[in-house]
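Below is one structure, written out as structure tokens; the observations come after it.
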Amino acid sequence: MNKLPQSYYEKQDVVFLARDLIGKTIVSIIDGNRTSGIITETEAYRGYDDKACHAHLGRFTDRTKIMYETGGVAYVYLCYGIHHLFNIITNTQDNADAILIRAVEPIDGIDIMKQRRGKEKLDKTLTSGPGNFSKAFALDKSHYGADLTGDTVWIEESNKSIDPEEIIISKRIGIDYADEDKDLPWRFYLNTSKFVSKR
DNA sequence: ATAGCGATGAGCT
DNA sequence: GCTCATCGCTATA
């Protein structure tokens, strides 16, 4: 239990952090049920100058306002009217950088995850894909703005170390509207895990 | 007030 | 590879 401190989230390079989070452990305790898993897939979204980011050009609305807080809080929003997508806000105040958690490899609480997902078996779809991960960990809009140094949802160092060669860098998924920024190499995944949304 | 649409996932071909 | 469920956010009026 080495919970990442506030200072970790205030680092300024969101692309570095998205990669650095691969292999760390994310934990939620919701309604007394503890779930945890290794982060296997992330994407970086950089505040002002990234056309794919909800805070592009400083867009400030009821939905995006939390992104401008000091790093270390959660940004959760509803996508396609169905899926809650869970993001980590990073950097110092007013930068609006975010990291989308797209997949984890489950460790603790697999039974409760299966129950939440309506699954009989443990397979890669249990916790891979941003909507599926959030549902398995019971993260939804009630966690909008949640403090990641608190005791509901947080990230820890893992015991296992990651060889840099296990991490694949690729374009982000589902952002074709972002013109040239759709090709930025800001998605990272752990090639040695089967819990990855897309290769 | 409201039209348009999305950082997805499941199921079927 | 294709379709579509489903609804809150955003922009525009």
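Chain A is the first sequence line, chain B the second, and so forth, proteins listed ahead of strands; every chain is numbered from 1.
- Distance A:Tyr77 OH to B:dC5 P: 17 Å, rounded to the nearest Å.
- Residue A:Thr64 is in sugar-phosphate contact alone, with no base atom involved, counting any heavy-atom pair closer than 4.0 Å across all strands shown.
- Here B:dG9 presents its P atom at 11 Å from NZ of A:Lys119, a figure rounded to the nearest Å.
- Using a distance-only test at 3.5 Å, with no hydrogens or angles considered, a donor-acceptor pair links the side chain of A:Thr61 to the main chain of A:Arg63.
- For the pair A:Lys171 NZ and B:dA7 P, the interatomic distance rounds to 17 Å; values are reported in whole Å.
- Between the CE atom of A:Met67 and the P atom of C:dC9 there is a distance of 14 Å, given to the nearest Å.
- Chaining together hydrophobic side chains whose heavy atoms lie under 4.5 Å apart places A:Ile107 alongside A:Ile38.
- For the pair A:Pro5 and A:Thr149, the tightest heavy-atom approach, listed with the atom from each and the gap, is C-CG2, 4.2 Å.
- Within 4.0 Å of A:Arg172, counting heavy atoms only, lies no atom of the nucleic acid at all.
- Relative ring orientation between A:Tyr144 and A:Tyr75 is described as perpendicular, the plane-to-plane angle rising above 60° on a 0-90° scale split at 30° and 60°.
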Can you pull every protein N or O that's under 3.5 Å from an N or O on nucleotides 2-8 of chain C?
unit_1, atom_1, unit_2, atom_2, d
C:dT6, O2, A:Tyr80, O, 2.4

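- Residue A:Arg117 places at least one side-chain N or O under 4.0 Å from the OP1 or OP2 atom of B:dA10.
- Regarding contacts with the backbone of B:dT8, a side-chain N or O of A:Arg102 is found under 4.0 angstrom from either OP1 or OP2.
- Residues A:Thr125 and A:Tyr177 each lie close to DNA chain B; by heavy-atom proximity, the contact nearer the 5' end of the strand is made by A:Tyr177.
- Atom CG of A:Asp151 has 12 or fewer neighbouring heavy atoms from other residues, nucleotides or ligands inside a 6.0 Å radius.
- With rounding to whole Å, A:Ile173 atom CD1 is found 8 Å from B:dT8 atom P.
- A:Asn191 places no side-chain N or O within 3.5 Å of a backbone atom of A:Ile168 that could act as its donor or acceptor partner.
- Separating the CZ atom of A:Phe60 from the P atom of C:dA11 is a distance of 13 Å, rounded to the nearest angstrom.
- For the pair A:Lys124 NZ and B:dG9 C1', the computed distance is 12 Å after rounding to whole Å.
- Residue contacts shown for A:Leu100 include a base, since a base heavy atom lies under 4.0 Å away.
- If you check C:dA11, B:dG9, B:dA7 against the side chain of A:Arg59, the one that comes closest is C:dA11.
- Aromatic rings from A:His54 and A:Tyr77 are positioned such that their centres are separated by under 6.0 Å.
- The shortest distance between the side-chain N/O atoms of A:Thr61 and the OP1/OP2 oxygens of C:dC9 is not below 4.0 Å.
- Under a 3.5 Å cut-off, the side chain of A:Asn132 and the backbone N or O of A:Thr127 do not form any donor-acceptor pair.
- Between A:Tyr75 and B:dA7 there is no side-chain polar atom (N or O) within less than 4.0 angstrom of OP1 or OP2.
- Checking C:dT10 for Watson-Crick or G-U wobble geometry (two distances, each under 3.5 Å) identifies B:dA3 as its partner.
- Residue A:Asn132 is classed as a sugar-phosphate contact, given heavy-atom separations below 4.0 Å to backbone atoms only.
- Between the CD1 atom of A:Ile99 and the C1' atom of B:dA7 there is a distance of 14 Å, rounded to whole Å.
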